[in-house]
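Each remark here refers to the structure printed beneath this line.
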Amino acid sequence: MASLQLCDGYLLFKPSVSPQRISHRLIPKASASPSSSSSSLSFSRRELLYQSAAVSLSIVGPVKEAKADEQLSEWERVFLPIDPGVVLLDIAFVPDEPSRGFLLGTRQTLLETKDGGNTWNPRSIPSAEEEDFNYRFNSISFKGKQGWIIGKPAILLYTADAGDNWDRIPLSSQLPGDMVFIKATGDKSAEMVTDEGAIYVTSNKGYNWKAAIQETVSATLNRTVSSGISGASYYTGTFSAVNRSPDGRYVAVSSRGNFFLTWEPGQPYWQPHNRAVARRIQNMGWRADGGLWLLVRGGGLYLSKGTGLTEDFEEVPVQSRGFGILDVGYRSEEEAWAAGGSGILLRTRNGGKSWNRDKAADNIAANLYAVKFVDDKKGFVLGNDGVLLRYVG
């Protein structure tokens, strides 16, 4: 296996810290009815006692079936034993132990669950605490019991026993860019992507990496600017977002959001594409049917026409209240959730043709950055300030 090589410099609550979970269902605000006159708010002592007794009886009496307008949200918040200010970045579960998972974030945050995400406890990795660094753990992935974690500054962790023990794998100081994504692909095998567009694969636990791309991103753009890729000449050399499809295809957004790139296994270099929308791109990813979704800055959502790779997108109306939508996650081919700034949650049940806002999260003063569905019954929304929402159906 070839060693890593460079080309042109780069390739291509908030309770106190208690481990116990405090969770509550998110319920839409009840609207307060305005009084018809000020006298309606004045009660005699007898009236007040009578109404208080009536309220008490209603509490201890039989529980009525919830009405449609009282329906609980399909998400609950899980409070975590972490410091305020932590941004949650990724989550993954062990396929061979489905109730066991790990949650990553800034400030060297690593939490573990053994009950499917109901409760979380801090984990420490001695090899990551030896140096005076505060790591930002960016990405995690499992295949069987084998798992990988990458972070910034450059750190690579590997486990062969479902996370009981994590080994630190040495990395070359000449690694081009910051590692932003990793995917476990097989026995001691993984695929890694940096924010400069380098894609590497390993089959020996990360001790050797082979480049999957033959040409740097900057070289690709220098060659294709004359072909009409708008904004390529302003490319700063990094991606703002990278997403991988189940079959190994990638879509990436340029740091300025003025164009996007795609790559499929076997291709020698990234393929740049003009954006077909006026506003700059915020994020992109793959739909469950193989097509693409595209988010623009300011809250717009677009879907590609058809299921193949195309630059032809059409806008779908969404109620984002002017806040940006930051990510989309598919629960099934027909149902998906979108999340964004100021607790925005949207759902579609028809493959993305229409979206409805779930007002349950409006009271959460946080940006929701990522929507992750492990399967159709297990999903999470990750945000800043340690906000974690769990899908409860």
Side-chain angles (χ1 to χ4, degrees), residues 23-31 66-78 88 90-91 93 116-118 241 243 245-246 251 277 281-305 307 313-384 387-393:
S23 66
H24 62 276
R25 293 289 181 91
L26 301 175
I27 308 175
K29 283 183 178 178
S31 300
K67 297 179 181 179
D69 59 351
E70 296 173 340
Q71 186 176 1
L72 298 178
S73 169
E74 297 190 46
W75 299 85
E76 69 174 7
R77 181 174 178 180
V78 181
L88 302 178
D90 202 7
I91 190 171
F93 283 76
N118 294 326
N243 281 293
S245 70
V251 60
V277 296
I281 305 170
Q282 176 72 45
N283 195 4
M284 293 183 69
W286 303 92
R287 304 197 306 260
D289 64 1
L292 288 166
W293 52 262
L294 182 152
L295 305 175
V296 297
R297 300 176 186 180
L301 189 155
Y302 294 76
L303 300 178
S304 65
K305 295 182 179 180
T307 59
F313 288 78
E314 56 185 354
E315 187 173 9
V316 180
V318 292
Q319 302 172 3
S320 67
R321 300 185 297 158
F323 294 102
I325 305 174
L326 303 176
D327 195 25
V328 176
Y330 277 75
R331 179 172 174 258
S332 66
E333 192 164 317
E334 295 297 318
E335 181 178 344
W337 290 80
S342 192
I344 284 290
L345 269 179
L346 305 167
R347 176 172 63 178
T348 179
R349 290 178 172 175
N350 54 16
K353 298 181 179 66
S354 62
W355 296 76
N356 296 309
R357 183 162 63 92
D358 186 338
K359 300 179 181 180
D362 287 359
N363 285 336
I364 297 180
N367 295 324
L368 306 178
Y369 289 115
V371 183
K372 306 280 187 178
F373 277 96
V374 181
D375 52 43
D376 61 350
K377 295 181 177 61
K378 188 183 297 179
F380 298 87
V381 175
L382 285 60
N384 66 337
V387 170
L388 178 67
L389 307 183
R390 186 175 73 94
Y391 181 77
V392 294

Hits for side-chain contact (heavy atoms from CB on, under 4.5 Å) against Asp289, two or more places apart or cross-chain, chain-then-number order -> Arg287, Thr307, Glu333

Quick check against the 3.5 Å criterion: does Asp358 have a side-chain atom that pairs as donor or acceptor with the backbone of Leu346? no

Please examine the side chains of Met284 and Leu294, heavy atoms only from C-beta on, and report whether any two atoms are closer than 4.5 Å. yes

For the pair Lys372 and Asp90, evaluate salt bridge (charged side-chain N to carboxylate O under 4.0 Å, His left out) and give the outcome as yes or no after the intermediate values. CA-CA 8 Å; Lys372 306 280 187 178; Asp90 202 7; 3.4 Å; yes

Set of side-chain hydrogen bond (donor to acceptor under 3.5 Å, both in side chains) partners for Gln282, sequence neighbours left out: none

Between Asn384 (side chain) and Asn367 (backbone), is there a donor-acceptor pair under 3.5 Å? yes

Any side-chain heavy-atom pair from Asn243 and Asn283 closer than 4.5 angstrom? yes

From the list Arg331, Glu335, Lys378, side chain to side chain contact (heavy atoms under 4.5 Å, CB included) partner of Phe373 resolves to Arg331

Evaluation steps, salt bridge (charged side-chain N to carboxylate O under 4.0 Å, His left out), between Glu334 and Arg349: CA-CA 5 Å; Glu334 295 297 318; Arg349 290 178 172 175; over 6 Å; no

How close do Gly117 and Phe380 get, heavy atom to heavy atom, and via which atoms? CA-CZ, 4.0 Å

What is the ring orientation for Trp75 with Tyr391, classed by angle as parallel under 30°, tilted 30 to 60°, or perpendicular over 60°? perpendicular

4.5 Å side-chain heavy-atom contact, Trp355 and Val328: yes

Residues Val316, Thr348; criterion side chain to side chain contact (heavy atoms under 4.5 Å, CB included); working and verdict: CA-CA 11 Å; Val316 180; Thr348 179; over 6 Å; no

Is there a side chain to side chain contact (heavy atoms under 4.5 Å, CB included) between Leu382 and Leu388? Walk through the geometry before answering. CA-CA 5 Å; Leu382 285 60; Leu388 178 67; 4.1 Å; yes

Under the side chain to side chain contact (heavy atoms under 4.5 Å, CB included) criterion, do Glu315 and Val296 qualify, and how do the steps go? CA-CA 10 Å; Glu315 187 173 9; Val296 297; over 6 Å; no

